[in-house]
Amino acid sequence: TTLIDPTVVVDTTNSKVVIAGTLIINITGGVAGETNLVKNPITFILTVDKEQVTRWEAYWDNENAEMLAALGKVSALMKK
């Protein structure tokens, strides 16, 4: 898993750290030899309290065609 060209914004007033970029993830389903690299934009929002992250939110396109195809392919392989 790799985050390409991340942008980081630190909002000290609201105790937030926002990280956005393009995530590349390999969806394998644990199937040996299976490789499905998927690229999908993602944003993380971290809430900080007393120098500790107390909440971690992540947002991405759940209907990304590449990701859905990889999940479908791996799901079918796992049923065999």
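FYI, the numbering just counts along the sequence from 1. Worth saying up front: this structure is predicted, and the values here are computed from it rather than measured.
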Trp60 side, atom CH2; Asn62 side, atom CG - distance, nearest 0.5 Å
6.0 Å
Flag if over 12 foreign heavy atoms under 6.0 Å of CG, Asp5
no
Honestly curious: do Leu68 and Ile24 fall in one hydrophobic cluster under the side-chain, below-4.5 Å linking rule?
no
When you group the ILVMFWY residues by side-chain heavy-atom contacts below 4.5 Å and let the links chain together, are Met78 and Leu71 in the same group?
yes
Would you give the length of the straight line joining atom CD1 of Ile45 to atom OH of Tyr59, rounded to the nearest 0.5 angstrom?
5.0 Å
Please check this pair: side chain of Asn36 against backbone of Ile27, looking for a donor-acceptor N/O pair closer than 3.5 Å.
yes
Distance from Lys73 atom NZ to Thr28 atom OG1, nearest 0.5 Å?
11.0 Å
Would a distance-only check, ignoring hydrogens and angles, find a side-chain to backbone donor-acceptor pair under 3.5 Å from Asp61 to Glu63?
yes
Among all residues two or more places apart in sequence or in another chain, which pass the side chain to side chain donor-acceptor pair (under 3.5 Å) test with Asn26?
none
Test of understanding: clusters of I, L, V, M, F, W, Y form through side-chain heavy atoms closer than 4.5 Å, transitively. Do Trp56 and Ile42 belong to the same one?
yes
Please evaluate residues Asn40 and Glu66 with respect to the criterion side-chain contact (heavy atoms from CB on, under 4.5 Å), reporting the C-alpha separation (whole Å), side-chain torsions for both, the decisive distance (0.1 Å), and the verdict.
CA-CA 8 Å; Asn40 200 352; Glu66 237 184 320; over 6 Å; no
How long is the span from the OG atom in Ser15 to the CZ atom in Arg55, to the nearest 0.5 Å?
14.0 Å
Should Val17 and Val53 be marked as a side-chain contact (heavy atoms from CB on, under 4.5 Å) after you check the CA-CA gap, both sets of side-chain angles, and the distance that decides it?
CA-CA 9 Å; Val17 177; Val53 174; over 6 Å; no
Please tell me whether Leu46 and Val8 are part of a single hydrophobic cluster in this structure, the criterion being side-chain heavy atoms less than 4.5 Å apart.
yes
Verify side-chain contact (heavy atoms from CB on, under 4.5 Å) between Val48 and Lys16, making sure each step is shown before the conclusion.
CA-CA 6 Å; Val48 181; Lys16 303 280 185 190; over 6 Å; no
Heavy-atom closest pair (Gly29 atom, Val74 atom, distance to 0.1 Å) is CA-CG1, 3.3 Å
Can you tell me which residue among Ile25, Leu23, Thr22 is in a side-chain contact (heavy atoms from CB on, under 4.5 Å) with Lys39?
Thr22
Separation between OG1 (Thr47) and CD (Gln52), nearest 0.5 Å, reads 13.5 Å
For side-chain contact (heavy atoms from CB on, under 4.5 Å), just list the numbers for Thr43 and Ile19, CA-CA rounded to whole Å, side-chain angles, deciding distance to a tenth of an Å, and then say yes or no.
CA-CA 6 Å; Thr43 300; Ile19 306 164; over 6 Å; no
